[in-house]
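Presented below is the structure to which this report refers.
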Amino acid sequence: MGCGLLGAKTGLKVRELLETLPILLLLAVLCGLDWALYSIFDTIRHHSFLQYSFRSSHKLEVKVGGDSMLARLLRRTIGALNTSSETVMESNNMPCLPQPVGLDARAYWRAALPIGLLVCLCLLQAFGYRLRRVIAAFYFPKREKKRILFLYNDLLRKRAAFTKLRRAAILRRARQQKAPRHPLADILHRGCPLLRRWLRRRCVVCQAPKTPESYVCPTLDCEAVYCWSCWDDMRQRCPVCTPREELSSSAFSDSNDDTAYAG
(Lines give C-alpha, C1' and ligand atoms only; values in the text may rest on other atoms or scores of the structure.)
Protein backbone atom coordinates (compact mmCIF):
# COMPACT_ATOMS: atom_id res chain seq x y z
CA MET A 1 0.00 0.00 0.00
CA GLY A 2 2.90 2.34 0.73
CA CYS A 3 4.25 1.87 -2.79
CA GLY A 4 0.86 2.76 -4.25
CA LEU A 5 0.56 5.91 -2.18
CA LEU A 6 4.13 6.86 -3.05
CA GLY A 7 3.34 6.42 -6.73
CA ALA A 8 0.22 8.54 -6.38
CA LYS A 9 2.19 11.32 -4.67
CA THR A 10 4.88 11.12 -7.31
CA GLY A 11 2.24 11.35 -10.03
CA LEU A 12 0.73 14.36 -8.27
CA LYS A 13 4.11 16.10 -8.22
CA VAL A 14 4.72 15.33 -11.86
CA ARG A 15 1.27 16.63 -12.80
CA GLU A 16 1.82 19.83 -10.86
CA LEU A 17 5.22 20.31 -12.50
CA LEU A 18 3.68 19.75 -15.92
CA GLU A 19 1.11 22.45 -15.15
CA THR A 20 3.93 24.90 -14.44
CA LEU A 21 5.68 23.98 -17.68
CA PRO A 22 3.62 26.41 -19.86
CA ILE A 23 4.50 29.26 -17.48
CA LEU A 24 8.19 28.35 -17.68
CA LEU A 25 8.00 28.21 -21.47
CA LEU A 26 6.21 31.56 -21.57
CA LEU A 27 8.89 33.14 -19.36
CA ALA A 28 11.65 31.69 -21.54
CA VAL A 29 9.95 32.94 -24.72
CA LEU A 30 9.46 36.43 -23.28
CA CYS A 31 13.07 36.66 -22.09
CA GLY A 32 14.33 35.43 -25.44
CA LEU A 33 12.09 37.85 -27.30
CA ASP A 34 13.25 40.73 -25.11
CA TRP A 35 16.90 39.89 -25.77
CA ALA A 36 16.28 39.51 -29.51
CA LEU A 37 14.48 42.87 -29.80
CA TYR A 38 17.17 44.61 -27.77
CA SER A 39 19.89 43.14 -30.02
CA ILE A 40 18.04 44.18 -33.18
CA PHE A 41 17.39 47.75 -32.05
CA ASP A 42 20.90 48.14 -30.70
CA THR A 43 22.34 46.98 -34.01
CA ILE A 44 20.11 49.44 -35.87
CA ARG A 45 21.20 52.26 -33.57
CA HIS A 46 24.90 51.54 -34.11
CA HIS A 47 24.88 50.96 -37.87
CA SER A 48 22.27 53.55 -38.87
CA PHE A 49 23.88 56.53 -37.15
CA LEU A 50 24.57 59.42 -39.54
CA GLN A 51 26.26 62.75 -38.76
CA TYR A 52 26.17 65.80 -40.98
CA SER A 53 28.74 68.63 -40.82
CA PHE A 54 28.27 71.92 -42.69
CA ARG A 55 30.91 74.66 -42.82
CA SER A 56 30.74 77.98 -44.69
CA SER A 57 32.67 81.26 -44.64
CA HIS A 58 31.60 84.68 -45.99
CA LYS A 59 33.75 87.76 -46.51
CA LEU A 60 32.58 91.08 -47.97
CA GLU A 61 35.16 93.80 -48.61
CA VAL A 62 34.78 96.95 -50.77
CA LYS A 63 37.97 98.76 -51.73
CA VAL A 64 37.83 102.37 -52.89
CA GLY A 65 40.96 103.79 -54.43
CA GLY A 66 42.02 107.38 -54.76
CA ASP A 67 43.05 110.25 -52.52
CA SER A 68 40.29 112.66 -53.25
CA MET A 69 37.82 113.85 -50.71
CA LEU A 70 35.06 111.81 -52.36
CA ALA A 71 37.22 108.69 -52.21
CA ARG A 72 37.95 109.22 -48.58
CA LEU A 73 34.24 109.80 -47.91
CA LEU A 74 33.30 106.56 -49.71
CA ARG A 75 35.94 104.59 -47.86
CA ARG A 76 34.58 105.79 -44.54
CA THR A 77 30.97 105.14 -45.56
CA ILE A 78 31.22 101.89 -47.48
CA GLY A 79 34.05 100.55 -45.36
CA ALA A 80 31.55 99.99 -42.57
CA LEU A 81 29.85 97.39 -44.80
CA ASN A 82 32.92 95.17 -44.91
CA THR A 83 32.01 91.98 -43.03
CA SER A 84 33.39 88.45 -42.65
CA SER A 85 31.62 85.46 -41.09
CA GLU A 86 32.19 81.72 -40.71
CA THR A 87 29.38 79.20 -40.08
CA VAL A 88 29.86 75.69 -38.62
CA MET A 89 26.75 73.47 -38.26
CA GLU A 90 26.70 69.82 -37.17
CA SER A 91 23.63 67.58 -37.11
CA ASN A 92 22.85 63.84 -36.74
CA ASN A 93 19.88 61.47 -36.82
CA MET A 94 20.24 60.29 -33.23
CA PRO A 95 16.77 61.53 -32.16
CA CYS A 96 15.22 59.41 -34.90
CA LEU A 97 17.00 56.18 -33.91
CA PRO A 98 15.65 53.68 -31.36
CA GLN A 99 17.11 53.87 -27.88
CA PRO A 100 16.83 50.31 -26.49
CA VAL A 101 17.37 49.66 -22.78
CA GLY A 102 18.43 46.13 -21.92
CA LEU A 103 17.26 44.35 -18.80
CA ASP A 104 19.90 43.70 -16.20
CA ALA A 105 20.43 40.50 -14.25
CA ARG A 106 18.35 41.79 -11.36
CA ALA A 107 15.29 42.18 -13.60
CA TYR A 108 15.67 38.63 -14.89
CA TRP A 109 15.99 37.33 -11.32
CA ARG A 110 12.87 39.22 -10.29
CA ALA A 111 10.97 37.66 -13.20
CA ALA A 112 12.22 34.12 -12.53
CA LEU A 113 11.85 34.20 -8.73
CA PRO A 114 8.03 33.72 -8.67
CA ILE A 115 8.33 30.80 -11.10
CA GLY A 116 10.98 29.22 -8.90
CA LEU A 117 8.77 29.64 -5.84
CA LEU A 118 5.88 28.06 -7.75
CA VAL A 119 8.02 25.03 -8.63
CA CYS A 120 9.14 24.69 -5.00
CA LEU A 121 5.51 24.82 -3.85
CA CYS A 122 4.64 22.08 -6.34
CA LEU A 123 7.40 19.90 -4.90
CA LEU A 124 6.35 20.62 -1.31
CA GLN A 125 2.63 20.28 -1.94
CA ALA A 126 2.60 16.56 -1.14
CA PHE A 127 4.16 17.26 2.25
CA GLY A 128 1.45 19.83 2.88
CA TYR A 129 -1.20 17.25 2.08
CA ARG A 130 0.52 14.80 4.43
CA LEU A 131 0.52 17.39 7.21
CA ARG A 132 -3.18 17.95 6.62
CA ARG A 133 -3.78 14.22 6.99
CA VAL A 134 -1.75 14.10 10.21
CA ILE A 135 -3.77 16.94 11.69
CA ALA A 136 -7.05 15.29 10.68
CA ALA A 137 -5.92 11.92 12.09
CA PHE A 138 -5.06 13.56 15.41
CA TYR A 139 -8.57 14.96 15.86
CA PHE A 140 -10.52 12.15 14.11
CA PRO A 141 -8.65 8.82 14.65
CA LYS A 142 -11.65 6.63 13.77
CA ARG A 143 -12.15 8.45 10.50
CA GLU A 144 -8.45 7.99 9.74
CA LYS A 145 -8.72 4.24 10.37
CA LYS A 146 -11.65 3.97 7.95
CA ARG A 147 -9.70 5.91 5.34
CA ILE A 148 -6.67 3.62 5.67
CA LEU A 149 -8.84 0.49 5.36
CA PHE A 150 -10.57 1.91 2.29
CA LEU A 151 -7.25 2.73 0.61
CA TYR A 152 -5.83 -0.69 1.46
CA ASN A 153 -8.84 -2.56 0.04
CA ASP A 154 -8.85 -0.33 -3.04
CA LEU A 155 -5.17 -1.15 -3.60
CA LEU A 156 -5.90 -4.88 -3.34
CA ARG A 157 -8.71 -4.57 -5.89
CA LYS A 158 -6.45 -2.71 -8.30
CA ARG A 159 -3.70 -5.29 -7.78
CA ALA A 160 -6.11 -8.12 -8.61
CA ALA A 161 -7.29 -6.31 -11.72
CA PHE A 162 -3.70 -5.67 -12.76
CA THR A 163 -2.92 -9.38 -12.31
CA LYS A 164 -5.73 -10.35 -14.68
CA LEU A 165 -4.68 -7.76 -17.26
CA ARG A 166 -1.05 -8.84 -17.06
CA ARG A 167 -1.85 -12.52 -17.56
CA ALA A 168 -4.19 -11.65 -20.43
CA ALA A 169 -1.42 -9.64 -22.13
CA ILE A 170 1.03 -12.53 -21.73
CA LEU A 171 -1.46 -14.98 -23.24
CA ARG A 172 -2.14 -12.63 -26.15
CA ARG A 173 1.56 -12.23 -26.93
CA ALA A 174 2.11 -15.99 -26.68
CA ARG A 175 -0.69 -16.61 -29.18
CA GLN A 176 0.83 -14.04 -31.52
CA GLN A 177 4.19 -15.80 -31.34
CA LYS A 178 2.65 -19.19 -32.08
CA ALA A 179 0.86 -17.82 -35.13
CA PRO A 180 2.65 -18.70 -38.41
CA ARG A 181 4.79 -15.91 -39.75
CA HIS A 182 4.54 -14.48 -43.22
CA PRO A 183 6.94 -16.10 -45.73
CA LEU A 184 8.42 -12.67 -46.43
CA ALA A 185 9.45 -12.39 -42.78
CA ASP A 186 11.33 -15.70 -43.01
CA ILE A 187 13.09 -14.56 -46.18
CA LEU A 188 14.15 -11.28 -44.56
CA HIS A 189 15.29 -13.14 -41.44
CA ARG A 190 17.58 -15.38 -43.48
CA GLY A 191 18.82 -12.80 -45.98
CA CYS A 192 19.15 -9.60 -43.89
CA PRO A 193 21.24 -9.99 -40.75
CA LEU A 194 20.53 -6.39 -39.76
CA LEU A 195 16.79 -7.10 -39.56
CA ARG A 196 17.09 -10.23 -37.47
CA ARG A 197 17.00 -8.24 -34.24
CA TRP A 198 13.49 -6.99 -35.07
CA LEU A 199 12.30 -10.27 -36.58
CA ARG A 200 13.34 -12.43 -33.65
CA ARG A 201 10.88 -13.75 -31.13
CA ARG A 202 10.51 -11.65 -28.02
CA CYS A 203 9.89 -12.13 -24.34
CA VAL A 204 6.15 -12.39 -23.71
CA VAL A 205 6.50 -10.22 -20.59
CA CYS A 206 8.91 -7.36 -21.38
CA GLN A 207 9.13 -7.74 -25.17
CA ALA A 208 12.93 -7.99 -25.08
CA PRO A 209 14.45 -9.74 -28.15
CA LYS A 210 15.24 -13.41 -27.77
CA THR A 211 18.86 -14.22 -26.89
CA PRO A 212 20.71 -17.52 -26.44
CA GLU A 213 20.26 -17.05 -22.68
CA SER A 214 16.48 -16.70 -22.95
CA TYR A 215 14.26 -19.40 -21.45
CA VAL A 216 11.83 -21.23 -23.75
CA CYS A 217 8.97 -23.09 -22.12
CA PRO A 218 9.49 -26.84 -22.76
CA THR A 219 5.76 -27.57 -22.77
CA LEU A 220 4.54 -28.85 -26.09
CA ASP A 221 2.42 -26.36 -28.06
CA CYS A 222 3.57 -23.53 -25.76
CA GLU A 223 7.23 -22.59 -26.32
CA ALA A 224 6.73 -19.14 -24.80
CA VAL A 225 9.92 -17.10 -24.60
CA TYR A 226 11.06 -15.45 -21.34
CA CYS A 227 14.20 -13.53 -20.47
CA TRP A 228 15.79 -14.75 -17.27
CA SER A 229 14.74 -11.74 -15.19
CA CYS A 230 11.10 -12.12 -16.25
CA TRP A 231 11.26 -15.89 -15.69
CA ASP A 232 12.41 -15.25 -12.13
CA ASP A 233 9.62 -12.72 -11.67
CA MET A 234 7.14 -15.36 -12.79
CA ARG A 235 8.45 -17.61 -10.00
CA GLN A 236 9.66 -19.96 -12.81
CA ARG A 237 6.11 -20.90 -13.76
CA CYS A 238 4.78 -20.29 -17.25
CA PRO A 239 1.40 -18.49 -17.05
CA VAL A 240 0.58 -19.51 -20.63
CA CYS A 241 0.40 -23.26 -20.09
CA THR A 242 -0.28 -23.31 -16.33
CA PRO A 243 -3.96 -23.36 -15.32
CA ARG A 244 -5.21 -20.20 -13.67
CA GLU A 245 -6.22 -21.93 -10.44
CA GLU A 246 -2.68 -23.22 -9.96
CA LEU A 247 -1.14 -19.78 -10.25
CA SER A 248 -0.85 -17.70 -7.12
CA SER A 249 -1.49 -14.01 -7.35
CA SER A 250 1.92 -13.40 -5.82
CA ALA A 251 3.54 -14.70 -8.98
CA PHE A 252 2.18 -11.67 -10.85
CA SER A 253 2.49 -9.01 -8.14
CA ASP A 254 5.40 -6.97 -6.92
CA SER A 255 5.11 -7.95 -3.27
CA ASN A 256 4.35 -10.97 -1.11
CA ASP A 257 1.81 -9.20 1.06
CA ASP A 258 -1.33 -11.01 2.06
CA THR A 259 -4.09 -10.24 -0.44
CA ALA A 260 -6.97 -10.73 2.00
CA TYR A 261 -9.28 -7.77 2.28
CA ALA A 262 -9.27 -5.87 5.56
CA GLY A 263 -12.54 -5.24 7.29
Side-chain angles (χ1 to χ4, degrees), residues 2-61 81-136 158 162 165 169 188 192-200 202-203 205-209 227 229 254:
C3 296
L5 292 178
L6 181 60
K9 293 177 180 178
T10 304
L12 179 62
K13 290 181 181 179
V14 173
R15 186 171 66 252
E16 295 292 340
L17 290 177
L18 289 178
E19 290 178 358
T20 60
L21 186 60
I23 303 177
L24 292 174
L25 292 178
L26 178 61
L27 178 63
V29 169
L30 291 179
C31 292
L33 184 62
D34 174 78
W35 178 82
L37 291 177
Y38 172 77
S39 301
I40 292 172
F41 290 143
D42 188 65
T43 303
I44 293 174
R45 183 171 63 89
H46 280 86
H47 295 278
S48 300
F49 176 74
L50 295 177
Q51 186 172 5
Y52 304 92
S53 179
F54 177 76
R55 296 175 179 271
S56 67
S57 59
H58 176 74
K59 184 176 182 181
L60 177 62
E61 183 178 2
L81 301 177
N82 295 338
T83 58
S84 62
S85 62
E86 184 176 357
T87 303
V88 178
M89 184 175 61
E90 293 183 356
S91 179
N92 55 56
N93 63 342
M94 183 61 72
C96 301
L97 295 178
Q99 304 293 331
V101 179
L103 296 178
D104 53 359
R106 183 179 179 183
Y108 285 111
W109 276 110
R110 291 176 61 184
L113 183 60
I115 307 299
L117 292 177
L118 181 60
V119 173
C120 292
L121 290 176
C122 292
L123 296 176
L124 298 176
Q125 186 177 11
F127 298 98
Y129 288 159
R130 184 180 301 178
L131 181 62
R132 182 182 62 181
R133 184 194 62 80
V134 171
I135 296 174
K158 291 180 179 179
F162 175 74
L165 292 176
L188 293 176
C192 300
L194 297 177
L195 298 178
R196 290 178 183 175
R197 177 178 177 84
W198 289 272
L199 296 176
R200 287 185 293 189
R202 295 178 176 272
C203 174
V205 179
C206 65
Q207 292 293 291
C227 58
S229 59
D254 296 332

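These numbers come from the heavy atoms of this one structure, side chains and all, not from hydrogens, waters or symmetry mates.
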Out of curiosity, Asp42 CG to Trp35 CH2, how far, rounded to the nearest 0.5 Å?
11.0 Å

Under a 4.5 Å cut-off applied to non-hydrogen side-chain atoms, are Ser48 and Leu97 in contact?
yes

Within a strict 4.5 Å, meaning less than it, do heavy atoms of the Tyr108 and Leu113 side chains meet?
no

Pairwise distance CG(Leu121) to CG(Leu118) - rounded to 0.5 angstrom
6.5 Å

After noting the C-alpha distance and the side-chain angles of Phe49 and Ile44, does the key distance pass the side chain to side chain contact (heavy atoms under 4.5 Å, CB included) rule?
CA-CA 8 Å; Phe49 176 74; Ile44 293 174; over 6 Å; no

State, yes or no, whether a side-chain contact exists between Thr20 and Ile115 at a heavy-atom distance under 4.5 Å.
no

From Arg132 CZ over to Phe127 CZ, what is the distance, rounded to the nearest 0.5 angstrom?
15.0 Å

Return the minimal non-hydrogen interatomic distance between Cys227 and Cys203, and the atom names on each side.
N-SG, 3.5 Å

Are the side chains of Pro100 and Arg45 in contact, using a 4.5 Å heavy-atom criterion?
yes

Quick one: side chain to side chain donor-acceptor pair (under 3.5 Å) pairs with a partner in residues 90-104, sequence neighbours left out?
none

Pairwise distance CZ(Arg55) to OG(Ser57) - rounded to 0.5 angstrom
11.0 Å

Who are the side chain to side chain donor-acceptor pair (under 3.5 Å) partners of Arg110, not counting sequence neighbours?
none

